[in-house]
Chemist: 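First, the structure itself, so that you have it in front of you.
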Amino acid sequence: MADATASPRRLERPLSPHLQIYRWSVTMFSSIFHRMTGIALGAGTLIVAWWLIATAMGPDAYADFAAVAGHWFGRLVLLGFTVAFTYHLLNGIRHLVWDSGVGFEKSTARFSGWLVIVLTGLLTVAVWVAAYASMGKL
């Protein structure tokens, strides 16, 4: 019997399919986007901390924060933070429902995935409309 480690010959095994083989589904997207929004929320917490510290430090520090947050790029970052927060919150609720053992059927998982995406858009718009309305800009 020959020693298996001595042979340079490769074993004939099937290769894992590449990502291009898979057809994207809403459940695949929701899983990946949930992880991405979790990372974004971690980074966005620094913005929230800056806001709270600037508020505590007085009007000059807050004016600096408000200038950055009011710039078009600052508003874009805040919009992204709002999208990440609402999506992660709603998808987290979806996961809590799954933890109870409900919603694992393919059609239900697909529906709940799309529901989270649509509600994320609606809630994000509602938050920004409410924010602009409270500033008197609507």
Side-chain angles (χ1 to χ4, degrees):
M1 187 162 159
D3 184 18
T5 58
S7 174
R9 182 174 70 133
R10 290 188 65 199
L11 296 175
E12 297 294 326
R13 296 183 191 167
L15 299 175
S16 296
H18 192 269
L19 285 177
Q20 293 172 340
I21 300 294
Y22 294 108
R23 197 181 104 240
W24 280 84
S25 64
V26 70
T27 53
M28 184 187 297
F29 170 81
S30 68
S31 176
I32 293 168
F33 200 60
H34 188 77
R35 288 171 175 83
M36 290 170 55
T37 57
I39 293 167
L41 288 175
T45 303
L46 297 173
I47 297 169
V48 173
W50 180 23
W51 170 59
L52 291 172
I53 291 168
T55 303
M57 290 180 69
D60 292 336
Y62 188 78
D64 292 340
F65 172 80
V68 172
H71 188 267
W72 71 266
F73 186 73
R75 289 181 189 216
L76 183 65
V77 170
L78 291 174
L79 176 65
F81 186 76
T82 309
V83 169
F85 180 79
T86 55
Y87 181 84
H88 204 79
L89 173 70
L90 293 172
N91 206 47
I93 293 169
R94 179 177 176 228
H95 278 267
L96 284 174
V97 171
W98 283 353
D99 286 344
S100 70
V102 177
F104 287 119
E105 299 80 25
K106 281 186 177 183
S107 61
T108 307
R110 242 181 273 125
F111 174 77
S112 64
W114 281 111
L115 183 64
V116 165
I117 292 168
V118 169
L119 287 178
T120 295
L122 292 174
L123 282 175
T124 300
V125 168
V127 165
W128 278 74
V129 165
Y132 273 93
S134 71
M135 294 187 304
K137 293 189 177 188
L138 284 183

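Hydrogens, waters and symmetry mates play no part in the numbers below; they use all other heavy atoms, side chains included.
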Chemist: How does the hydrophobic cluster around V97 look, that is, which other residues are in it when side-chain heavy atoms under 4.5 Å mark a link?
Modeler: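 Other cluster members: V102.
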Chemist: Can you confirm whether W24 sits close enough to I32 that some side-chain heavy atom of one is under 4.5 Å from a side-chain heavy atom of the other?
Modeler: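 Touching, per the 4.5 Å side-chain cut-off.
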Chemist: Would a hydrophobic clustering, with Ile, Leu, Val, Met, Phe, Trp and Tyr connected at side-chain separations under 4.5 Å, put L115 with V118?
Modeler: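 Linked within one cluster.
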Chemist: About how many Å separate OG of S30 and CZ of R35, when rounded to the nearest 0.5 Å?
Modeler: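 R35 atom CZ to S30 atom OG measures 9.5 Å (nearest 0.5 Å).
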Chemist: Grab the two heavy atoms, one from T124 and one from T120, that are nearest each other, plus how far apart they are.
Modeler: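 Closest approach of T124 to T120: OG1-O, 2.7 Å.
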Chemist: Distance-only check: which donor-acceptor pairs under 3.5 Å involve side-chain atoms of residues 56-73, not counting sequence neighbours?
Modeler:
{"from": "H71", "atom 1": "ND1", "to": "F73", "atom 2": "N", "distance (Å)": "3.1"}

Chemist: Stepwise, does the side-chain contact (heavy atoms from CB on, under 4.5 Å) test hold for I47 with F81?
Modeler: CA-CA 9 Å; I47 297 169; F81 186 76; 5.5 Å; no
Chemist: Can you tell me if CH2 on W50 sees more than 12 non-hydrogen neighbours from other groups inside 6.0 Å?
Modeler: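 Yes, the 6.0 Å shell around CH2 holds more than 12 heavy atoms from other groups.
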Chemist: Can you measure from CG (L41) to CG (L46) and round to the nearest 0.5 angstrom?
Modeler: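 It comes to 11.5 Å.
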Chemist: Among the clusters formed by ILVMFWY side chains lying less than 4.5 Å apart, do I39 and L76 turn up in the same one?
Modeler: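 In one cluster: no.
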Chemist: Do you know the tightest heavy-atom contact between V83 and T86?
Modeler: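 Heavy-atom minimum between the residues: O-OG1, 3.2 Å.
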Chemist: Nearest 0.5 Å, please: how far is CG in L90 from NE2 in H34?
Modeler: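 The distance works out to 11.0 Å.
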Chemist: Can you name the nearest heavy-atom pair linking M28 to R23, along with the distance?
Modeler: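 Scanning both residues, the minimum pair turns out to be CE-O, 3.9 Å.
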Chemist: Throw together a table of side-chain donor-acceptor distances under 3.5 angstrom for residues 104-112, partners on residues two or more places apart or in other chains.
Modeler:
{"from": "E105", "atom 1": "OE1", "to": "T108", "atom 2": "OG1", "distance (Å)": "3.4"}
{"from": "S112", "atom 1": "OG", "to": "R94", "atom 2": "NE", "distance (Å)": "2.8"}
{"from": "S112", "atom 1": "OG", "to": "T108", "atom 2": "O", "distance (Å)": "3.1"}
{"from": "S112", "atom 1": "OG", "to": "A109", "atom 2": "O", "distance (Å)": "3.1"}

Chemist: Do S31 side-chain atoms and T27 backbone N/O form a donor-acceptor pair below 3.5 Å?
Modeler: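 Looks like no, no N/O pair under 3.5 Å.
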Chemist: Are I117 and F33 side-chain neighbours, meaning at least one heavy-atom pair lies under 4.5 Å?
Modeler: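 No, too far: nothing below the 4.5 Å cut-off.
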Chemist: Start with the C-alpha gap between Y87 and L119, add the side-chain angles, then the distance that decides, and say whether side-chain contact (heavy atoms from CB on, under 4.5 Å) holds.
Modeler: CA-CA 8 Å; Y87 181 84; L119 287 178; over 6 Å; no
Chemist: Please find the pair of heavy atoms, one from L78 and one from W128, that lie closest to each other, and give the distance.
Modeler: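 Answer, listing the atom of L78 first, then W128: C-CZ2, 3.6 Å.
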